[in-house]
Amino acid sequence: MEDREGMLRLRRHNRRLLPQHGREAVKDDVGRENVELARRTCCEQLTFLDGRRKYVCASFGGLGHEASLLRTGKNREYGSLRAGKREGVTVLRQLLEVFTKNDRTNGREGRRDGDCGGVSLVVGCLTTIVKIAALLLSRSLCEGAWPALQALSICTLPFGALKQLTLPMPARRVMESIARPVLGITVSQPIVRLCLPNVYRTLKFWKRLLPIYFRYIKTKRQVRNMTSAERDKVWAVRHEWGGEKVHSLVLDMSGFYVKSAQILATKADFVPEPWTRRLSNHLDNAPPRPFDEVERSIMQQLATCPVSKSLTHDAGGSVPLDEVFLQVDPTALAAASIAQVHAGVLRDNTRVVIKVQHLGMEKVMAADLRNIGWVAKFLEGQLPFDLVPIVKEIQATIPLEFDFKREVWFMTNVKRSLEEHGFNQVKCPQPILDLCSDRLIVMERLDGVPFTQILHSRAPVALQRRIPEVVRALEALVDAYGQMLFIDGVFHADPHAGNLLLLSDGRLGLIDFGQSKVIDKEIRLKLARMIMALASNKEAEIARALINLGLKFEDVNGGVVSESRLALMARILFDTCYVQEATVSPMSEESLLRTTPLKAFNQSVWLVVRALVILRGLCYALKMDLSATAIWFPYAQAALAAAGDD
């Protein structure tokens with residue numbers, strides 16, 4: 001190639017890399033080849049332009065001369081580069097194509113070439129991956145700086161008016177190294193969102209989670225040497241920020257994260273008040289789906305219900321709503337992670353509630369469950385308890401919620417048992433079996449006020465006056481759990497405030513049986529022994545019952561955990577009475593779990609513990625010192641007697 005043509009090509013495509021006027025010291029040349037060539041030729045500036053062909057751009061400190069470019073780190077010998085002087089300034093006079101003199105493809109040298117090339121490729125790929133990971137992390141932590149980074153990356157592109165923009169050399173070098181990854185992330189985002197929605201959702205989740213995590217870690221270190229008053233002030237600000245960020249994350253992500261928000265919202269005994277205040281909106285107030293989407297889903301599911309053969313179908317095979325309903329309210333009564341609920345009236349004037357599953361939510365939930373598994377692994381060793389067995393139980397039970405026929409079975413059986421055994425203060429809705437399918441439940445409507453509205457800090461005075469009724473209703477519910485857990489072995493595992501209604505006659509309405517469980521006989525008997533031990537208040541028996549349930553605690557100092565400490569842990573996990581230690585967050589330095597971490601957990605009892613955790617949170621919110629152990633003692637005694645284990 002002629003020199004002039006090479007120079008023109010360099011000017012057109014690589015203008016920013018032309019040598020600058022004046023003397024410059026050789027600094028930070030990229031790669032072993034550049035450093036080696038710079039040393040051997042005594043040049044002041046040297047840059048490789050990588051492409052299908054290699055060119056060298058250099059300026060020399062002396063007068064015009066010709067220098068040989070010798071063997072480099074890749075065992076290749078190159079041609080010569082000539083430079084000269086014009087008007088007292090050293091400039092590049094000729095740009096010659098760098099050609100290979102000795103490129104051995106066989107024998108030992110050839111193999112070394114190939115090995116070096118392969119290693120270079122691997123190193124290059126790893127470097128790119130590290131750059132992308134670092135950029136994604138920095139984007140999460142400093143989201144406001146990302147647009148500026150994108151703009152600077154565009155400025156490095158060699159086309160149009162952008163090539164006229166100049167940056168300081170250090171900034172340019174940094175931007176040139178990250179420009180392609182930045183632009184690649186920017187361009188790939190809509191492509192990934194369209195073609196790989198689950199991958200996009202996973203990246204989006206971690207993008208929202210990591211800033212919250214790192215800010216809390218930073219605050220934890222920041223308050224170490226502060227006074228108690230100063231710590232409280234700093235944490236108050238952080239919790240306000242954190243509550244808003246977590247609320248925003250749940251709103252944005254929906255899916256399984258709504259379930260997590262519901263659990264946290266009921267834990268007013270140790271979750272910061274700004275968190276519970278914001279997350280309580282997710283108990284029954286998640287953003288609903290558009291009604292046209294809901295209507296389409298109801299029509300499709302009516303075509304699969306038992307009574308569908310006697311109904312008229314449209315051209316698409318769906319059943320029009322007016323074939324079954326006189327009216328369906330387009331405004332949702334409640335919306336949650338998996339489904340939403342609408343009021344309706346059947347053609348026989350029966351007032352009903354229609355619970356319909358969101359379209360496409362199963363795939364979303366599957367991705368969310370994978371994410372929560374990764375979170376458990378990420379936090380392993382950072383928390384004073386092991387999340388992995390709990391997450392495994394969640395991953396096993398949440399997919400079952402998509403089977404509405406299973407939910408109908410639990411609703412029917414719990415309702416029948418409570419009615420047969422005289423629990424008249426707790427009412428469950430009656431499902432209309434002929435109109436239920438895998439993704440649709442039509443059931444009796446219970447007229448009542450959700451506990452979330454009554455317990456809200458800004459509840460109207462008229463609702464606040466009903467709090468004594470709520471207290472009596474909750475006592476009746478805890479009593480009903482004795483029957484469900486120890487006698488029937490079939491129980492509602494999600495008694496949060498959004499699933500509890502205070503009916504007009506003062507009774508409690510229990511709804512949403514999506515999270516329910518059957519407990520096998522062996523676990524029921526172990527739970528019964530735990531209740532008997534707690535009722536006796538004998539620490540040795542309590543410790544033994546706790547170990548038999550598969551829960552293992554360790555002393556951080558390597559000692560033996562005392563029976564009194566195990567008894568206290570059992571009281572926190574398997575009772576609802578007030579325990580001061582239960583009000584301390586597990587993340588706090590004052591938590592019992594810091595000195596006595598939970599190292600093994602029986603995942604088969606997780607939903608039982610979860611239900612008790614929720615009930616304890618309700619008792620705390622209502623300022624009730626209610627002992628489930630005292631209420632459940634006769635049920636546990638009856639279960640052991642029936643099994644011949646007195």
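Throughout, numbering of the chain's residues begins at 1 and tracks the sequence.
The shortest distance between side-chain heavy atoms of I614 and R610 falls below 4.5 Å. Taking 4.5 Å as the limit, some side-chain heavy atom of L477 sits within range of a side-chain heavy atom of L615. The side-chain heavy atoms of N371 and W206, taken from C-beta on, include a pair separated by under 4.5 Å. Counting only heavy atoms from C-beta outward, the side chains of Y578 and Q580 approach each other to under 4.5 Å. The shortest distance between side-chain heavy atoms of I511 and P429 falls below 4.5 Å. The closest side-chain heavy-atom distance from L418 to C428 is below 4.5 Å. In this structure, V449 and L463 have side chains that are in contact, with non-hydrogen atoms separated by less than 4.5 Å. With contacts defined as side-chain heavy-atom distances shorter than 4.5 Å, the pair I542/L566 does not qualify.
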- prompt: So Q637 and Y635, side chain to side chain donor-acceptor pair (under 3.5 Å) or not? Walk me through it.
  reply: CA-CA 5 Å; Q637 192 174 40; Y635 299 102; over 6 Å; no
task: Apply the test side chain to side chain contact (heavy atoms under 4.5 Å, CB included) to residues K427 and L510: give CA-CA distance (whole Å), side-chain angles for both, the deciding distance (0.1 Å), then the verdict.
output: CA-CA 6 Å; K427 182 175 177 58; L510 183 61; over 6 Å; no
field: Candidate pair T576 and Y620, rule side chain to side chain contact (heavy atoms under 4.5 Å, CB included), full reasoning
entry: CA-CA 9 Å; T576 58; Y620 184 86; over 6 Å; no
field: Steps toward salt bridge (charged side-chain N to carboxylate O under 4.0 Å, His left out) verdict (E469, R466)
entry: CA-CA 5 Å; E469 295 180 73; R466 300 195 69 185; 3.1 Å; yes
- request: Take K355 and D512, measure what salt bridge (charged side-chain N to carboxylate O under 4.0 Å, His left out) needs, and give me the verdict at the end.
  value: CA-CA 9 Å; K355 180 177 180 179; D512 192 355; 3.0 Å; yes
- prompt: Going through the checks in order, is the side chain to side chain contact (heavy atoms under 4.5 Å, CB included) test met by L474 and C619?
  reply: CA-CA 8 Å; L474 188 58; C619 291; 4.0 Å; yes
task: Dump the intermediate steps for side chain to side chain contact (heavy atoms under 4.5 Å, CB included) on F574 and L549, then the final yes or no.
output: CA-CA 11 Å; F574 295 100; L549 274 169; 3.7 Å; yes
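Judged purely by atom type and a 3.5 angstrom limit, D575 uses its side chain to pair as donor or acceptor with the backbone of A628. Remark: side-chain polar atoms of Q425 are not paired, donor with acceptor, to backbone N or O of L508 under 3.5 angstrom. Side-chain atoms of R524 come within 3.5 Å of backbone atoms of I487 as a donor-acceptor pair (strictly under, hydrogens ignored). Side-chain atoms of R616 come within 3.5 Å of backbone atoms of I572 as a donor-acceptor pair (strictly under, hydrogens ignored). Under the 3.5 Å distance criterion, the side-chain polar atoms of R529 are left unmatched by any main-chain donor or acceptor of N548. Side chain of E230 to main chain of T227: a donor-acceptor pair is present (N/O by atom type, distance under 3.5 Å, no hydrogens or angles). Between the R215 side chain and the R238 main chain, no donor and acceptor come within less than 3.5 Å of each other. Using modelled atom types, no side-chain atom of S417 and backbone atom of N413 make a donor-acceptor pair closer than 3.5 Å. Between the Q464 side chain and the A459 main chain, a donor and an acceptor come within less than 3.5 Å of each other.
A ring-centre distance under 6.0 Å is found for H239 and Y216. Separation of the Y481 and W632 ring centroids does not fall under the 6.0 Å cut-off.
For L607 against A493, the heavy-atom pair with the smallest separation is CB-CB, 4.1 Å. When all heavy atoms of L640 and A528 are compared, the closest pair comes out as CG-CB, 3.9 Å. Scanning all heavy atoms of the two residues, the minimum distance from F451 to L502 falls at CE1-N, 3.7 Å. Pairing each heavy atom of P274 with each of E240, the nearest pair is CG-OE2, 3.6 Å. Minimum interatomic distance between H492 and M484 (heavy atoms only, all atoms of both residues): N-SD, 3.8 Å. Taking both residues in full, the closest heavy atoms of E407 and I441 are given as CD-CD1, 3.7 Å, listed atom of the first, atom of the second, then distance.
For the residue pair S248 and R208, a side-chain donor N or O sits within less than 3.5 Å of a side-chain acceptor on the partner. Looking at R571 and N537, their side chains do bring a donor and an acceptor atom within 3.5 Å of each other. For the residue pair T595 and R565, a side-chain donor N or O sits within less than 3.5 Å of a side-chain acceptor on the partner.
For K538, the NZ atom sits in a loose shell: 12 or fewer heavy atoms of surrounding residues, nucleotides or ligands are nearer than 6.0 Å. Crowding of D625 atom CG: a count of heavy atoms from other residues, nucleotides or ligands under 6.0 Å exceeding 12.
Between atom CE of residue M532 and atom CG of residue L527 there is a gap of 13.5 Å, rounded to the nearest 0.5 Å. Taking CD1 of I519 as the reference point, atom CG of D488 lies at 10.0 Å (rounded to 0.5 Å). Rounding to the nearest 0.5 angstrom, the gap separating the CZ atom in F410 from the CG atom in D403 is 10.0 Å. Here T452 contributes atom OG1 and L500 contributes atom CG; the two are 9.0 Å apart, rounded to the nearest 0.5 Å. Distance CD/Q357 to CD1/I338: 6.5 Å, rounded to 0.5 Å. E419 CD to R416 CZ: the interatomic distance, rounded to the nearest 0.5 Å, is 9.5 Å.
In this structure, R231 forms no cation-pi arrangement with W235, as its terminal cationic atom is not both closer than 6.0 Å to the ring centre and no more than 45° off the ring axis.
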